[in-house]
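Chain letters run A, B, ... following the sequence lines, proteins first, then strands; residues in each count from 1.
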Protein chains: 2
Amino acid sequence: MADVNSLHRLPVGASAQFLREAEIRRGIELLYFGYSNMVKGADVHLATQGLGRAHHRALYFIARRPGMPIGDLLALLNITKQSLSRVLGDLQERGLVVQAVGTRDRRQRMLSLTPAGATLETELFECLRDGVTRAYGHAGQTAVTGFWTVLTGLIPPEDRPLVEALQQPLPARRTA
Amino acid sequence: MADVNSLHRLPVGASAQFLREAEIRRGIELLYFGYSNMVKGADVHLATQGLGRAHHRALYFIARRPGMPIGDLLALLNITKQSLSRVLGDLQERGLVVQAVGTRDRRQRMLSLTPAGATLETELFECLRDGVTRAYGHAGQTAVTGFWTVLTGLIPPEDRPLVEALQQPLPARRTA
DNA sequence: AATTTACGTCAGCCATGTTGACGCATATGC
DNA sequence: GCATATGCGTCAACATGGCTGACGTAAATT
């Protein structure tokens, strides 16, 4: 390989290759640092409650799809049921999450947040929200759309329905 | 709060609020799933070598900034020196990384990859690259730029120089 | 000469993932 | 109706990769 500083001496193909590598590394790095920084604030808040990031993930998805059965949550988190059971046990002990027997299928356990759980989830969401809102605001709508497009492209097509299902509107609920 | 299904009945402010929350949750979720999927392939390859994600991160940054001292790597990884020392120990045992006494400051330990380390890092990079290349390709250049912009916005301004320094061209090296 | 800095190291702990095995209640298919 | 499959719970053991605290040593700085 030629000197990295002598791009003008590289054949066109190699130059394009080099630029592509730089752009890919940039994406990898920004994704890593962006994700790390996004969750940093939530981690601090979680620590004050004696909880960790794993608890947050469960809390987050249960908030997002109340009534979700265990199996669906396992599919989203992509961990073993043994790992999840420890996390859910902690959350139930603390009165943040409750289970109900499934209506359609009585083997299922439908998960939902208690009011205390919903409160904590909201606080944690706000930790993430502040950073994301700032980033969206400075970047503008076009950039945000591109951000979504690239990230969606990183998800294998067969897994996309799972993620997109999270964005469907929830069935009507009454909170008043 | 009104029924989520009846947006037309919401006051304008509440509607905008709701849309903003949906967009933020979408970003959070895509960032989580996008990152998870990006590193999935590399994790498999690492496992065949008896290494983990932590080893990959060290390897990655050393490849990116050869000659980087320990302290700089610590700042990038944001972990304790005790954690890093376990990881670096593994990598040195396996002959993937070497240290050299600093030239300007003899207290520093400059890290670099051995040829075997560089080979492994290249293989791991290719695992990530395939997914990122596909995502970039389907999304297009405008989307990629937006992707970078939003992610950069997630990084606190005071930390950005650290990340941007990674993207500076390397000092000339001879590999021929 | 005193202090600070960059790094190494020992020891123990915690969070969160893993595998494997087994049990029970319910749903489903023949 | 009975066999089988599915959804979930649980016990036990282990791996990875973080953490804190304490202490040491060489080299740079003041």
A/Arg107 side chain, from C-beta outward: closest of C/dG17, D/dG7, C/dT5
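So the side chain of A/Arg107 is nearest to D/dG7.
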
Contact under 4.0 Å: [X] side-chain N or O vs [N] OP1/OP2:
| X | N | value |
| --- | --- | --- |
| B/Ser85 | C/dT9 | no |
| B/His55 | D/dG17 | yes |
| A/Thr80 | C/dG17 | no |

Donor-acceptor contact below 3.5 Å, side chain [X] vs main chain [Y]:
| X | Y | result |
| --- | --- | --- |
| B/Arg26 | A/Gln167 | no |
| A/His55 | A/Gly52 | yes |
| B/Arg160 | B/Ile155 | yes |

Establish whether the base of [N] is bridged to the side chain of [X] by a donor-acceptor pair shorter than 3.5 Å.
| X | N | result |
| --- | --- | --- |
| B/Arg57 | D/dG17 | no |
| A/Arg106 | C/dT26 | no |
| B/Gln82 | C/dG12 | no |
| B/Arg53 | C/dG17 | no |

Expressed as a whole number of angstroms, how long is the span from [X]:[atom1] to [N]:[atom2]?
| X | N | atom1 | atom2 | result |
| --- | --- | --- | --- | --- |
| B/Gln99 | D/dA26 | CD | C1' | 14 Å |
| B/Lys81 | D/dC19 | NZ | C1' | 14 Å |
| A/Asp90 | C/dT16 | CG | C1' | 11 Å |
| B/Leu74 | C/dG8 | CG | C1' | 12 Å |
| B/Gln92 | C/dC7 | CD | P | 13 Å |
| B/Arg109 | C/dT9 | CZ | P | 10 Å |
| B/Leu46 | C/dG17 | CG | P | 18 Å |
| A/Gln108 | D/dA5 | CD | C1' | 14 Å |

Linking I/L/V/M/F/W/Y whenever any side-chain heavy atoms sit under 4.5 Å apart, do A/Val39 and A/Leu166 land together?
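Yes; tracing contacts between hydrophobic side chains, which count when under 4.5 Å, links both residues.
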
Under 4.5 Å between side-chain heavy atoms, hopping through other hydrophobics if needed: is there a path connecting B/Val98 to B/Met68?
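No, because B/Val98 and B/Met68 fall into different hydrophobic clusters, even though each may have its own neighbours under 4.5 Å.
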
Given that A/Thr103 and B/Asp72 both sit by DNA chain C, which one's nearest nucleotide is further toward the 5' end?
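Here B/Asp72 is the residue nearer the 5' end.
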
Whichever of A/Leu84 and A/Arg104 has its nearest DNA chain C nucleotide further upstream toward 5':
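Its nucleotide being nearer the 5' end, the pick is A/Leu84.
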
